Amino acid sequence: MGRVAGLTPAETKQRLLDAAATVFGRDGFEGARVAQIAEEAGLSVGALYNHYGSKAELLAAVVERHSAEELGRLLAGGPPMGVVDLIAEQGKRLDHGPMEAPLLVELITASRRDPDAAQILLGEVSGREELMAELIRFGQAAGEVVADVDPAVVARFCLMLGLGSLLLRAMDMPSTDSDAWASFINRIVDGFRPGEDQ
């Protein structure tokens with residue numbers, strides 16, 4: 001099967017990402033075959049390689065799209081939130097509800113054997129960490145976050161919590177009590193709010 005007539009490059013990429021999410025979710029990174037993904041998308045293998053250089057690059061694009069969609073849902077999910085409230089909301093999700101990033105677990109697993117996947121994973125995780133650090137810096141400049149914390153350290157702590165949570169969820173560890181978890185997260189996050197005397 002060749003190029004599908006009438007599809008724009010953006011539509012082709014969308015079909016490939018949707019198909020890849022389905023195939024990776026069903027078969028895992030190692031079990032998924034490029035030909036399966038192309039077939040699921042109704043496209044040729046050549047069309048896939050016109051947009052993505054490798055299976056690892058395609059998985060990273062799926063993970064990145066999912067992350068952007070999740071952030072969009074969070075930001076659109078109600079009244080505008082300050083930086084600390086946004087972090088608290090994310091923290092409350094770490095131990096409850098459906099696992100939101102099973103494909104990131106696939107990328108982590110793949111990175112152990114595939115050097116391309118390892119390089120892409122490093123870029124993906126580093127990007128998330130820098131985004132979090134920038135968010136903290138923004139909060140500090142706006143007076144929403146205390147000035148005496150290092151944004152890079154806070155970002156690393158949040159990243160470690162997020163990745164640890166992801167791995168525990170992948171192992172089907174039971175959740176803790178949701179109210180107790182939310183209370184604990186609020187207690188930690190409240191330490192980043194400036195006091196009335198600041």
Side-chain angles (χ1 to χ4, degrees), residues 29 56 59-112 114-115 117-198:
F29 178 79
L59 178 56
V62 172
V63 169
E64 183 179 345
R65 180 185 73 168
H66 177 82
S67 298
E69 288 172 352
E70 182 57 33
L71 182 60
R73 279 193 296 273
L74 181 65
L75 294 175
M81 284 189 237
V83 170
V84 177
D85 292 329
L86 182 64
I87 293 170
E89 283 306 305
Q90 283 294 90
K92 290 172 188 174
R93 294 173 174 213
L94 291 177
D95 196 40
H96 295 88
M99 187 169 75
E100 296 171 341
L103 293 175
L104 182 55
V105 173
E106 281 300 320
L107 187 55
I108 292 168
T109 303
S111 72
R112 291 179 47 97
D114 185 315
Q119 194 62 34
I120 289 166
L121 176 65
L122 179 61
E124 176 72 22
V125 171
S126 297
R128 288 178 185 213
E129 184 176 59
E130 184 52 36
L131 180 64
M132 177 59 76
E134 283 299 316
L135 187 64
I136 298 299
R137 288 184 197 102
F138 174 81
Q140 287 175 324
E144 297 177 30
V145 177
V146 293
D148 64 344
V149 295
D150 183 331
V153 171
V154 176
R156 177 64 54 93
F157 178 74
C158 291
L159 181 68
M160 292 171 110
L161 282 178
L163 289 174
S165 168
L166 189 66
L167 295 176
L168 287 174
R169 304 291 291 285
M171 296 185 312
D172 290 325
M173 288 284 288
S175 296
T176 59
D177 176 78
S178 59
D179 290 336
W181 181 262
S183 175
F184 179 71
I185 291 297
N186 283 334
R187 184 174 267 202
I188 291 173
V189 172
D190 282 347
F192 294 104
R193 297 182 196 276
E196 291 181 9
D197 57 332
Q198 292 184 340

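Counting from 1, the numbers follow the sequence of the chain as shown. Note that the structure is predicted; figures quoted are calculated from it, not measured. FYI, side chains are in, hydrogens and waters are out, and symmetry mates aren't considered; it's all heavy atoms of this structure.
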Under 3.5 Å donor-acceptor pairs involving side-chain atoms of residues 129-136, not counting sequence neighbours:
{"residue": "E129", "atom": "OE1", "partner": "R156", "partner atom": "NH2", "Å": "3.2"}
{"residue": "E129", "atom": "OE2", "partner": "R156", "partner atom": "NE", "Å": "2.3"}
{"residue": "E129", "atom": "OE2", "partner": "R156", "partner atom": "NH2", "Å": "3.3"}
{"residue": "E130", "atom": "OE2", "partner": "R137", "partner atom": "NH1", "Å": "3.2"}
{"residue": "E134", "atom": "OE2", "partner": "R137", "partner atom": "NH1", "Å": "2.6"}

Backbone N/O of V83 and side chain of E144: donor-acceptor pair under 3.5 Å: yes
Counterpart residues, side-chain hydrogen bond (donor to acceptor under 3.5 Å, both in side chains), relative to T176 (two or more places apart): D95
From D114 atom CG to L59 atom CG, the distance as rounded to the nearest 0.5 Å: 9.5 Å
Side-chain (W181) to main-chain (G91) donor-acceptor, under 3.5 angstrom: yes
Contacts of type salt bridge (charged side-chain N to carboxylate O under 4.0 Å, His left out), residue D150, not counting sequence neighbours: none
With V125 via side-chain contact (heavy atoms from CB on, under 4.5 Å) - residues at least two apart: L121, L159, L163
For L107 against A117, the heavy-atom pair lying closest together: CD1-O, 4.0 Å
Sequence-distant partners of S126, side-chain contact (heavy atoms from CB on, under 4.5 Å), two or more places apart: L122
Distance in Å, N186 CG paired with K92 NZ, rounded so as to fall on 0.5 Å steps: 4.0 Å
Partners passing salt bridge (charged side-chain N to carboxylate O under 4.0 Å, His left out) against D85 (at least two apart in sequence or in another chain): R193
Within 6.0 angstrom of F184 CZ, more than 12 heavy atoms from elsewhere: no
Sub-4.5 Å side-chain heavy-atom contact between V154 and F192: yes
Nearest-0.5 Å distance that lies between atom CZ in R128 and atom SG in C158: 13.0 Å
Qualifying salt bridge (Lys or Arg N to Asp or Glu O under 4.0 Å) pairs, either residue in residues 177-186, two or more places apart: none
